[in-house]
Amino acid sequence: MASLISSWASQVNTVPERYVVPTEKRLNVNVPIGKDIPVIDLSHPNSALIAEQIIKASQDYGVFQVINHGVSQELIGDVLEVCDEFFKLPIEDLEKYTEEEELSEFEPNLDQKPKLYIEKEYKPKKNGKNDKEVIFWKDTFAHCTHPTKEDRINSWPEKPAKYREVIGKYSEGVRKANLRILELMCEGLGLEKDYFANELSHIQYMAINLYPKCPDPTVTAGAVEHNDGGVINLLLQELGGLHVRRQKDGQWLAVEPIPGALVCINGMILKVISNGKLESGIHRVATNSVRDRISLGCLTSPSCDGKCIIEPAKPLLSETNPPKYKSFSYTEYLKIFFSDTSEFEAALNPYKI
Ligand code: OGA
Ligand code: NI
């Protein structure tokens with residue numbers, strides 16, 4: 001097995017070559033904190049006002065934080081504890097979830113078994129040549145959390161003993177928050193509030209990331225700059241490390257960890273459905289030399305059954321707002337998403353009008 005980074009990271013004091021990011025792609029680990037990245041209170045009684053804040057944040061950053069989202073502080077604490085315990089299980093327990101020699105990507109389909117993997121980045125160039133392959137400084141454990149079927153839950157870890165209960169409760173709570181945010185986006189865009197309540201939000205999967213303490217954060221990346229592929233990602237970060245690129249000027253800013261808050265990262269599908277009105281969040285992750293960092297993403301995605309069609313929402317289109325994207329199959333798009341990371345939103349290029 002290409003060993004999990006967490007199994008050896010604490011024993012090295014230099015970064016092995018395969019994990020060193022080429023100079024031109026290194027990230028500045030000391031970017032300023034984005035004090036203006038909105039923190040939106042979902043319990044505010046005026047939903048039109050919240051919707052407006054979400055639309056503005058989605059245009060300025062494609063990212064915002066939410067508080068009073070319905071998932072309790074206590075449950076968040078339990079989830080972080082369970083995730084920490086999971087990654088500390090003996091290697092024999094963790095190896096059950098790894099596959100080949102070189103651990104590969106998680107495929108977001110319903111039958112995907114829980115999977116523990118490392119993530120690599122190589123950027124296919126237009127001339128067909130690949131850059132150097134880099135392995136990110138993180139281990140990720142992912143599985144589907146919705147729709148939940150008994151046999152699917154039975155494939156979730158039995159250890160730690162509380163895993164299924166806590167992750168089940170948490171992912172249900174986050175799904176509700178996610179759907180509520182989508183309703184508010186619809187309100188702000190002028191769409192029926194249930195526009196996403198169908199195959200567009202059919203799947204939720206969870207990615208638990210462990211970024212081990214790193215001997216030299218300046219040469220590694222927890223994740224290089226990217227957009228998420230689905231509709232929306234609600235992320236829990238207990239320690240800073242997530243950076244967001246401001247849309248207007250490309251300035252990178254750190255997202256401040258706020259206890260109890262969740263970070264909402266718009267995926268590229270939102271950009272298409274809103275016909276470009278909502279940005280998808282460009283983000284990356286810096287490592288740190290102080291302590292391990294855990295983050296938990298809950299990604300709401302369209303159905304991957306091959307039938308789900310993505311297109312700009314018809315009610316938004318007019319003579320003055322013609323479609324910016326052709327209709328496309330979500331499954332076909334995903335193939336491009338996983339293979340072409342040559343630039344931001346590369347997976348949308350074939351569909352641009
Ligand atoms: C991701 C991601 C951010 C983080 O997994 O796609 O961007 O802070 N994670 O871990
Ligand atoms: Ni991401």
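Positions are given from 1, in the same order as the sequence printed here. First listed ligand is number 1; within each ligand, the first listed atom is number 1.
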dist E52:CD -> I54:CD1 (nearest 0.5 Å) comes out at 11.0 Å
Can you find a side-chain donor-acceptor pair between E311 and S327 that sits under 3.5 Å? yes
Between the side chains of R293 and Q237, is a donor N or O closer than 3.5 angstrom to an acceptor N or O? yes
Is a side-chain donor or acceptor of D139 paired with a backbone partner of L210 at a separation under 3.5 angstrom? no
Criterion salt bridge (charged side-chain N to carboxylate O under 4.0 Å, His left out) on E85 and K162, from CA distance to verdict: CA-CA 10 Å; E85 284 171 16; K162 278 188 163 174; over 6 Å; no
Under 4.0 Å from ligand 1 - residues by heavy atom, chain and number: K138, N209, Y211, H226, D228, L235, L242, H283, V285, R293, S295
Is the closest side-chain heavy-atom distance between F87 and I208 below 4.5 Å? yes
Using atom types as modelled and distance alone, determine if a side-chain donor or acceptor of T331 lies under 3.5 Å from a backbone N or O of G306. yes
Using a cut-off of 2.8 Å, count how many protein N, O or S atoms are strictly closer to the Ni ion (ligand 2). 3
Scan side-chain atoms only and decide if E279 and S58 contain a donor-acceptor pair under the 3.5 Å cut-off. no
Regarding H226 and H283, is there a side-chain donor-to-acceptor distance under 3.5 Å anywhere? yes
